[in-house]
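To start, the structure itself, in structure tokens.
Position 1 is the first residue of the sequence, and the numbers go up from there.
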Amino acid sequence: LGADLCAMAASDKGDKPEKYERHPKPNPIAALIVSSDSFLERCSESRLVHRSVDGINTFLDIVGVPVKHHSTSEEVVLFIFATVVTLVSYFFLFGKRHGRRRKKLEEELLLSQLQVHHLKEKLLLAKAEEISSSVNRGRAASNGEVRIFMDGAFDMMHYGHMNAFRLARSLGTRLIVGINSDDSITKCKGAPLMNDQERLTMVQGCKFVDEVVPGCPYVMNAKYLQYIIERFDVDYVVHGDDPCIVDGKDVYEAAKLAGKYQSIPRTEGVSTTDIVGRMLTMTKEHHCPVDGDGDDASVTSMASVTAASLGGAHGDGRPMCEQSKFLTTSRMLRLFSAGTKAPEKGMKVVYMDGAWDMFHCGHVAVLKEAKQRGDYLIVGVHSDYIVNKVRGSNLPLMNLHERVLSVMGCRYVDDVLIDAPYRTTPEMVASLGISEVMHGSCSDDVGEGHVDEGGENGEVLNGDDRSKRYGHRYQYPRESGIFRVISSPTDFNLGNIVDRIQKSQEVFQKKISRKKKAESDYYNQKYGMENKKDGTQQ
């Protein structure tokens, strides 16, 4: 009976679940070692490894290595595994160090360039004060005016030319610009892309220019120098600090010998050569990248370091069209917008938006017409993303920053709306106090149809269907009765420029190659970017 009771008590205890001891968690390092060991073992047993080891040992036999020093499958697999692990570890731990160092150097280089640019501006101001004082000392009865003369072809004029005008004018109080004639340009450097009148319109439309002289010779000889000094009371002749040579002679030799020459820093990072190259290569590397999507996507930064290639157009593998390297700083924007004032009460504010790509004489003419319709003209400049979405191809040919500076340099523009919305909204009209929204009758379409200037679904529209063409983009201005389509004074557009270049593509390619080499030599000489053969820097 006692034994039975003990058995029952034992069975009652067994009804209750006993507390079992948990196994400890596996060590991840140990698990990794075991897994890698199994992996290496399977690899060493593979046929491929055996054949490879046999081949290695056969070679060792041929060169006389003793058998005891031959490799085994396990040793070969372990060697390969260790090498791969070492290389991968180095890449993740140290591999990006060089990239980070390069990025840091690029940032330091950009900062140094900005500092150099700032110092050049200060040096130019000091030179302007010196010129002003010397001119005033040399005149018996001076009114304090210092007259500066600058000449050139100004073919396909861009913001780089406008900045040169700004710098030249800063040396004095009045800037007179001479425009070389078609004939003289053709004799010295080949036929220009734009004719006399088109180039004249562009220079006259620049707000930094006070007076324009057409029909100037390309080479300034002593006779013509004397003429402009007497006719326009010129104090100094100004040109960029890059050499201007024709037939082995300095174009401004006469002015230098007469002590009437002053130089200004060249506007670096932009050239007509590069812009023409963009048309020929038909790429989009010059665009600014965007964040977001839709009509109101915004530009965040300049494109970084890529360049569009045209199969070694220079013969040395360098691209014909390189990404824009012009330094668009807030200071540069302030200098271009100097004198900008807010509209006064009672002024009629008019607004005109667009791409303003390859800012040309057609743009200047329509902006002049728009300014006459009001007292204060605000011009909206669309982002690269919006322009490309609407027009396709590689348009715009000039990025947002470049197009903004070009519009800012126009004398008929009072203010610029950067990265303007594609659709003119009620909030925008109220905020800017817009009285009238205008659009020119001539468009800059380049042979691909007119995409979504007004259509809801991005369809290709007929340019004559005005109501549908502007319905979506200018819906609110049209409904409010403040939208006007003004007649463009000229039918010149971007298509004319592209057609002219593409018709003479081979000629321009050769011209660009020569110009690119000259520009490269200029920068190398100026900044000592080439290394001497002995390894020292110039």
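- Every residue meeting the salt bridge (charged side-chain N to carboxylate O under 4.0 Å, His left out) condition with K348, not counting sequence neighbours, appears here in chain and number order: E436.
- In this structure, the side chains of L494 and L395 come closer than 4.5 Å at one or more pairs of heavy atoms.
- Put simply, the side chain of D235 gets close to the backbone of R147: a donor and an acceptor are under 3.5 Å apart.
- The closest side-chain heavy-atom distance from M162 to L405 is not below 4.5 Å.
- Checking D353 against Y474 by side-chain atom types alone, a donor-acceptor pair falls below 3.5 Å.
- For Y224 (side chain) and C216 (main-chain N/O), no donor-acceptor pair under 3.5 Å exists by modelled atom type.
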- From CA spacing to verdict: salt bridge (Lys or Arg N to Asp or Glu O under 4.0 Å), D384, R403: CA-CA 10 Å; D384 296 342; R403 292 181 285 118; 2.7 Å; yes

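- The shortest distance between side-chain heavy atoms of V203 and M157 falls below 4.5 Å.
- Side-chain contact between H158 and F359 is absent, with no heavy atoms from C-beta onward closer than 4.5 Å.
- Residue pairs meeting the salt bridge (charged side-chain N to carboxylate O under 4.0 Å, His left out) criterion with at least one member in residues 213-222: none, sequence neighbours excluded.
- No more than 12 heavy atoms of other residues, nucleotides or ligands shown are found within 6.0 angstrom of NZ on K368.
- Note on ring orientation: taking the six-membered ring where Trp is involved, the planes of H360 and H363 are parallel (angle under 30°, cut-offs 30° and 60°).
- When the side chain to side chain donor-acceptor pair (under 3.5 Å) test is applied to D196, the partners found at least two apart in sequence or on another chain are R199.
- In terms of heavy atoms, L400 sits closest to S383 at CD1-CA, 4.2 Å.
- Within a 6.0 Å sphere centred on NZ of K103, other residues, nucleotides and ligands contribute 12 heavy atoms or fewer.
- With 3.5 Å as the limit, one finds no donor-acceptor pair spanning the side chains of Y261 and D250.
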- Message: The test is side chain to side chain contact (heavy atoms under 4.5 Å, CB included); show your working for M438 and Y351 and say whether it passes.
- Response: CA-CA 6 Å; M438 289 178 286; Y351 175 76; over 6 Å; no

